[in-house]
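All figures in this text were calculated on a predicted structure; none of them were measured in a lab. Just so you know, residue 1 is the first one in the sequence shown, and it goes up from there.
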Amino acid sequence: MLVPSPHNGMTPDRLAPETIKRFDKNRLNVLTVHAEVEGAVYFPRFHELIEEAPAAGVEFVFLPEEARALLRDPARVPCDTIRQGNLPG
């Protein structure tokens, strides 16, 4: 989730729609929410995200349940390569 910042061009009013737009509807997405988003200042925007996401086809699930389901069939566990490097910014 992008936190509104003058450095990334994200404004508070775009938080929910931009986050929803970035979900890949064909796979499990793990959304890491920082305290500044789920509390105090951005809570109304976070609430907006939670309210609007299901209408956009986003389903919220409990991650441990998803992990247990995957582990019942280890061949389904997605794997990828991790590379160390630098990113701009």
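Residues satisfying the side-chain contact (heavy atoms from CB on, under 4.5 Å) criterion with Asp80, sequence neighbours excluded, are absent altogether. Remark: Lys21 engages Glu18 in a salt bridge (charged side-chain N to carboxylate O under 4.0 Å, His left out) (not counting sequence neighbours). Among residues two or more places apart in sequence or in another chain, the side-chain contact (heavy atoms from CB on, under 4.5 Å) test is passed with Asp73 by Ala75, Arg76.
Under the 3.5 Å distance criterion, the side-chain polar atoms of Asp24 are left unmatched by any main-chain donor or acceptor of Arg22.
Pairing each heavy atom of Val58 with each of Phe23, the nearest pair is CG2-CD1, 3.5 Å. Nearest heavy atoms, Ala56 versus Ile20: CB-CG2, 3.5 Å.
Listed by first and then second residue, the salt bridge (Lys or Arg N to Asp or Glu O under 4.0 Å) pairs that reach into residues 45-69 are Arg45-Glu48, sequence neighbours excluded.
Side-chain contact check for Asp13 versus Leu15: every heavy-atom pair is 4.5 Å or farther apart.
The environment of CZ in Phe60 is crowded: more than 12 heavy-atom neighbours from other residues, nucleotides or ligands sit within 6.0 Å.
Grouping Ile, Leu, Val, Met, Phe, Trp and Tyr by side-chain contacts under 4.5 Å, direct or through others, puts Val61 with Leu28, Val30, Leu63. Cluster partners of Val77 are Leu70, Leu71, counting Ile, Leu, Val, Met, Phe, Trp and Tyr whose side-chain heavy atoms approach within less than 4.5 Å, directly or via other members.
To the nearest 0.5 Å, the span separating CZ on Phe46 from OG1 on Thr19 amounts to 10.0 Å.
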